[in-house]
Protein chains: 2
Amino acid sequence: MEVALTAVSGRWTTLLLRELMGGPRGFTELRALLPDLSPKVLSERLHALQERGLVTVERRRGFPVRTRYELTEAGRALRALLVELYATGERLLSLTGAASADGDHTSGDTTA
Amino acid sequence: MEVALTAVSGRWTTLLLRELMGGPRGFTELRALLPDLSPKVLSERLHALQERGLVTVERRRGFPVRTRYELTEAGRALRALLVELYATGERLLSLTGAASADGDHTSGDTTA
DNA sequence: CGGTATCCAAGATGATACTG
DNA sequence: CAGTATCATCTTGGATACCG
């Protein structure tokens, strides 16, 4: 559990992984997707993900420089965990009586 | 995802939840189960879990004082997440080439 | 038994500015 | 475009001692 928790822990990490699940992204592109994430922290997260073997980087020489961050198979293996985090979050919100975080799908039934 | 992640984040939190999954426990009992967890941090975790509605406390007057910490329904709703954390951890370990944490079910192939 | 109060060391995070 | 360097600060976790 430690390794899984470490993989997704740290502020912005889950959001960053979520963006990468949608396909390869560049540095500035990620900055735009996550506007409140400072370049320093983004850089740190990306390096951490690389060290854990969850992300690979591909650099295209030329001008301007192009970089692509892409999930490895191990990185993609986190999808089920992210889904479970989301599902558990929803369950918690309904059990503890808070409002849903995004659109209104608390309507009929959140018990499923 | 934030709420689910918050629920299980923090050092010792998953281990603490794991113990509580086994049934109600007392403070000193938890200390014994998690020897390296200081009383201050245990106290903090327990309060945090209460604030999030994941744990309830029952105090028995008399002597000596008896306290029982018990998971609420919301707290028990975390079981699936803990299981997924474990499963994802295992998957990560085999994909990134580390040794398995428990029994050997890495048999097939770690060379890829 | 069941905690709380203090103090301290480390790490995480963020703002800002600068480089290739 | 794609980062790194620096600095200040907030948050965590742990050791220890003490209280009801």
Side-chain angles (χ1 to χ4, degrees), chain A residues 1-20 22-52 54-71 85, chain B residues 1-20 22-52 54-71 75:
Chain A
M1 292 192 4
E2 293 272 325
V3 310
L5 208 42
T6 297
V8 299
S9 74
R11 210 173 175 189
W12 303 107
T13 303
T14 53
L15 295 177
L16 180 53
L17 286 170
R18 188 167 161 60
E19 297 302 340
L20 291 172
R25 307 284 184 217
F27 192 89
T28 302
E29 188 179 1
L30 289 168
R31 288 263 288 155
L33 291 165
L34 277 9
D36 292 342
L37 208 186
S38 76
K40 180 203 152 200
V41 174
L42 174 56
S43 185
E44 286 175 359
R45 290 289 176 276
L46 257 11
H47 280 299
L49 292 174
Q50 286 172 64
E51 280 174 21
R52 295 168 198 160
L54 303 173
V55 163
T56 54
V57 199
E58 184 193 333
R59 308 190 63 116
R60 284 199 53 153
R61 300 247 309 121
F63 183 83
V65 178
R66 271 283 164 188
T67 311
R68 277 162 39 118
Y69 290 91
E70 186 170 10
L71 290 177
L85 278 169
Chain B
M1 292 193 4
E2 293 272 326
V3 310
L5 206 43
T6 297
V8 299
S9 74
R11 209 174 176 187
W12 302 107
T13 302
T14 53
L15 295 176
L16 180 54
L17 287 170
R18 187 167 161 61
E19 298 300 340
L20 291 172
R25 306 284 183 218
F27 193 88
T28 302
E29 188 179 1
L30 290 168
R31 287 264 287 153
L33 291 166
L34 276 10
D36 291 343
L37 207 186
S38 77
K40 180 204 153 197
V41 175
L42 174 56
S43 185
E44 285 175 358
R45 290 291 176 272
L46 258 10
H47 280 299
L49 292 174
Q50 287 172 63
E51 280 175 20
R52 295 168 200 160
L54 304 173
V55 163
T56 54
V57 198
E58 186 194 332
R59 307 190 64 116
R60 285 197 52 153
R61 300 249 308 122
F63 183 81
V65 179
R66 270 286 164 188
T67 311
R68 278 163 37 118
Y69 291 91
E70 186 170 9
L71 290 177

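The structure displayed is predicted, hence computed values, not measured ones. Residue numbering restarts at 1 for every chain, and letters A, B, ... go by the order of the sequence lines.
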query = Quick one: is Thr67(B) getting a side-chain N or O under 4.0 Å of the dG3(C) phosphate, OP1 or OP2?
reply = yes
inquiry  = Can you identify which nucleotide, out of dT4(C), dG2(C), dG3(D), has its nearest atom closest to the Ser43(B) side chain?
reply    = dT4(C)
key: His47(B) side-chain N/O to dT4(C) phosphate OP1/OP2 under 4.0 Å   = yes
Of all pairs that satisfy salt bridge (Lys or Arg N to Asp or Glu O under 4.0 Å), the ones with a partner from residues 32-42 of chain B, not counting sequence neighbours = Lys40(B)-Glu44(B)
task = Take nucleotides 8-20 of chain C nucleotide by nucleotide from the 5' end and write B, S or -, depending on whether a protein heavy atom sits under 4.0 Å from the base, only from the sugar-phosphate, or from neither.
result = -----BBB-----
request  = Provide the closest heavy-atom pair for Arg59(A) versus Val65(A) in the form atom of the first, atom of the second, distance.
outcome  = NH2-CG1, 3.8 Å
query = Under the 3.5 angstrom rule, does the side chain of Arg25(A) hit a backbone N or O of Leu33(A) as a donor-acceptor pair?
reply = no
ask   = Among the nucleotides dG3(D), dG3(C), dC1(C), which one has an atom lying closest to any side-chain atom of Pro64(B)?
value = dC1(C)
ask   = When you look at CD of Glu70(B), are more than 12 heavy atoms from neighbouring residues, nucleotides or ligands closer to it than 6.0 Å?
value = yes
request  = Can you measure from CG (Leu46(A)) to CG (Leu54(A)) and round to the nearest 0.5 angstrom?
outcome  = 11.5 Å
Length of the line joining Leu34(A):CG and dA2(D):P, which is rounded to integer Å = 15 Å
inquiry  = Would you say that more than 12 heavy atoms from the other residues, nucleotides or ligands in this model lie under 6.0 Å from the CZ of Arg52(B), or not?
reply    = yes
request  = Please work out if Arg31(A) contacts a base, only the sugar-phosphate, or nothing of the nucleic acid, heavy-atom cut-off 4.0 Å.
outcome  = nothing
note = As a check of understanding: the bend across the helix from dC1(C)-dG20(D) to dG20(C)-dC1(D), end axes from five pairs, rounded to 10 degrees, works out to 40°
request  = Could you tell me whether the phosphate oxygens of dG3(D), OP1 or OP2, come under 4.0 Å of any side-chain nitrogen or oxygen in Tyr69(A)?
outcome  = yes
ask   = Rounding to a whole Å, what distance do you find between Phe63(A):CZ and dC1(D):C1'?
value = 8 Å
